[in-house]
Amino acid sequence: MPTAIAVTSADLVLPAPDRHTPGAALLHPPEQHDLEAALAGTSALLERHGHVVALVPPWLPRPTVQRLHTVRAILETDRIALLDIDLPPLGTALLARQLRQLSVCDFSPGVIASAARLLSHYIFAGALLGSVAKLDRVRVPVGLGAHARSWSPSAQFAVLAHPTPHLARLGSAGGGRGGRGGRGGSPTSHTGSHASRAGSHTSRAGSHGAHAGSHGAHAGSHGAAADLPAGPDFATHLTFARGQLTSDWVAAELAPAWQVQGVLENPLPAASPAWWGTPKLVEFAAGIPDLSVLYQLVASVRREQCRWCGLELIGDRCGFCAAPLTAPPPSEAAATSTGRSRP
């Protein structure tokens, strides 16, 4: 059986793109399952799949995160990876689907777990918002003017949270076109350094994501210039989910501007309104849909062996035990552990 990919809510499970992609396992929060049921369910997952890779983004409720760590500790297993990758809810669901696609390939559990951080750099996640007054999770400056305009019933803001934060005000009807980078085609053309150099693929892929996000065009919005979110310069599919905001901007304007190869509408995750600070939103996430491209992207990175748990990994940190690839340098405290001061 393939490595199990797990999430904490059913609304983070996107439809499978093909009949070969398995579903996701659900690790229920404390208010749904007691500890005994959680232990039994997780034990059954391990028995059936061998290893579990769970996405545990930092915006999950604290009791949910504590429950997952408690279960892993009680079971005394090193076969559960808890990955705290910070993406918005729909972006998290998209990453989970990509990991589900990769789980049927010939990658070891350690490679799949550590690949999550690499793949996250190629996900473009954002939202069309009716208000930015409570937009706290995206590191973009929100001026007093934007706060004031948030009170207008017709206000709409295009926000890109990942990979490069970006905020732009749209016209009253949400018009305007965003830009896309050059037609690079495949992200693997940017990852030659992954195959040739060991170590931290995370920082290099993050630089690529920022580079891709920096491309794009300035476009008009009902006669007023607006610097809209720039899209990826590789082939993607776009998934979007509607909240209480009535707008077709994502499907009608953003998708053509980003030249996506497919558009899918999905129900809005329950955590999205709190993450974006408003229920008036249309959330979107674009990512690589093609399994062959995902496979090539991960396979191009040199594999290492974790010095702590022995599993394979790519990048600079093990996804299961979180041990760094290389040992940290000796601390000054260790050098003076005898309690004597140096001469």
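Positions are given from 1 along the sequence. Quick note: numbers below take in every heavy atom, side chains included, and nothing from hydrogens, waters or symmetry partners.
No side-chain heavy atom of L128 sits under 4.5 Å from any side-chain heavy atom of L254. Using a 4.5 Å cut-off on side-chain heavy atoms (C-beta onward), S108 and L311 make no contact. A 4.5 Å side-chain heavy-atom check between T278 and K134 finds every atom pair outside the cut-off. R117 is listed as a side-chain neighbour of D84, based on a closest heavy-atom distance under 4.5 Å. L46 is listed as a side-chain neighbour of V52, based on a closest heavy-atom distance under 4.5 Å. At least one side-chain heavy atom of T42 sits less than 4.5 Å from a side-chain heavy atom of L27. Within the 4.5 Å cutoff, the side chain of D86 has heavy atoms near those of the P58 side chain. Counting heavy atoms from C-beta outward, L268 and P273 have side chains that approach closer than 4.5 Å.
With hydrogens and angles disregarded, a donor-acceptor distance shorter than 3.5 Å links the side chain of S300 to the backbone of L297. The backbone N or O of S103 lies less than 3.5 Å from no partner atom in the side chain of T3, so there is not a single donor-acceptor pair. Judged by distance alone, with hydrogens and angles left aside, the side-chain atoms of W258 form a donor-acceptor pair with the main-chain N or O of P229 at under 3.5 Å. Of the possible polar contacts, one joining the R307 side chain to the P324 backbone as a donor-acceptor pair under 3.5 Å is found. Looking at R97, its side chain never comes within 3.5 Å of a backbone N or O of L14 through a donor-acceptor pair.
Nearest heavy-atom pair across C306 and C321 is SG-SG, 3.4 Å. Contact detail for A161 and V138: the closest heavy-atom pair is CB-CG2, 3.7 Å. S120 approaches I85 most closely through the heavy-atom pair CB-CG2, 3.8 Å. Contact detail for V298 and L118: the closest heavy-atom pair is CA-CD2, 4.3 Å. Across all non-hydrogen atoms, the minimal contact from A10 to L26 is N-CD2, 3.6 Å. Closest of all the heavy-atom pairs between L83 and G319 is CD2-O, 3.5 Å.
Cluster membership for V53 and V104, using ILVMFWY side-chain heavy atoms within less than 4.5 angstrom, is not shared. Note: the hydrophobic cluster containing W308 does not contain V111 (ILVMFWY, side chain heavy atoms under 4.5 Å, direct or indirect links). Cluster membership check: L45 does not share its hydrophobic cluster with M1, using side-chain heavy-atom separations under 4.5 Å among Ile, Leu, Val, Met, Phe, Trp and Tyr. V282 and V263 end up in the same hydrophobic cluster when Ile, Leu, Val, Met, Phe, Trp and Tyr side chains are linked at under 4.5 Å. Residue L264 is not grouped with residue L87 when hydrophobic side chains (ILVMFWY) are merged at heavy-atom distances under 4.5 angstrom, including chains of intermediate members.
For F284 and F124, the gap between ring centers reaches or exceeds 6.0 Å.
In this structure, D248 pairs ionically with R242, as a charged nitrogen and a carboxylate oxygen lie closer than 4.0 Å. Residues D34 and R67 are not paired through a salt bridge, judged by the lack of any N-O separation under 4.0 Å between the basic side chain and the carboxylate.
Here the CG-OG1 distance, from L75 to T70, works out to 10.5 Å after rounding to the nearest 0.5 Å. Separating the NE2 atom in H20 from the SG atom in C105 is a distance of 11.0 Å, to the nearest 0.5 Å. Atom CD1 of I5 and atom CZ of R100 lie 9.0 Å apart (nearest 0.5 Å). Rounded to the nearest 0.5 Å, atoms CG (L12) and CG (L55) are 8.5 Å apart. Within the model, atoms CG of L82 and CZ of R72 stand 4.0 Å from one another, a figure rounded to the nearest 0.5 Å. To the nearest 0.5 Å, atom CD of residue Q98 and atom OH of residue Y122 are 11.5 Å apart.
Listed by chain and number, the residues in a salt bridge (Lys or Arg N to Asp or Glu O under 4.0 Å) with R137 amount to none (sequence neighbours excluded). Contacts of D290 classified as side chain to side chain donor-acceptor pair (under 3.5 Å), with partners at least two apart in sequence or in another chain: S292. Remark: R79 engages no residue in a salt bridge (Lys or Arg N to Asp or Glu O under 4.0 Å) (not counting sequence neighbours).
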### Message
Would T92 and V7 count as a side chain to side chain contact (heavy atoms under 4.5 Å, CB included) here? Give the steps.
### Response
CA-CA 9 Å; T92 299; V7 293; 5.5 Å; no
### Query
side chain to side chain contact (heavy atoms under 4.5 Å, CB included) between R169 and V132: does it pass, once the steps are laid out?
CA-CA 10 Å; R169 178 177 179 268; V132 292; over 6 Å; no
### Task
Starting from the C-alpha separation in whole Å, work towards a yes-or-no answer on side chain to side chain contact (heavy atoms under 4.5 Å, CB included) for L245 and Q156.
CA-CA 9 Å; L245 187 64; Q156 292 186 3; 4.1 Å; yes
#### Entry: Pair V71-L35, side chain to side chain contact (heavy atoms under 4.5 Å, CB included): steps then yes or no
CA-CA 8 Å; V71 168; L35 181 58; 4.1 Å; yes
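By the neighbour-count criterion of 12 heavy atoms within 6.0 Å, atom CD of E36 is sparsely surrounded, having that number or fewer from other residues, nucleotides or ligands.
Remark: of the listed residues L94, V293, L119, I123, V293 is the sole one forming a side-chain contact (heavy atoms from CB on, under 4.5 Å) with I288.
A parallel orientation is assigned to the rings of Y295 and F107, their planes being inclined by less than 30° (bins at 30° and 60°).
A donor atom on one side chain and an acceptor atom on the other are found under 3.5 Å apart for W276 and E283.
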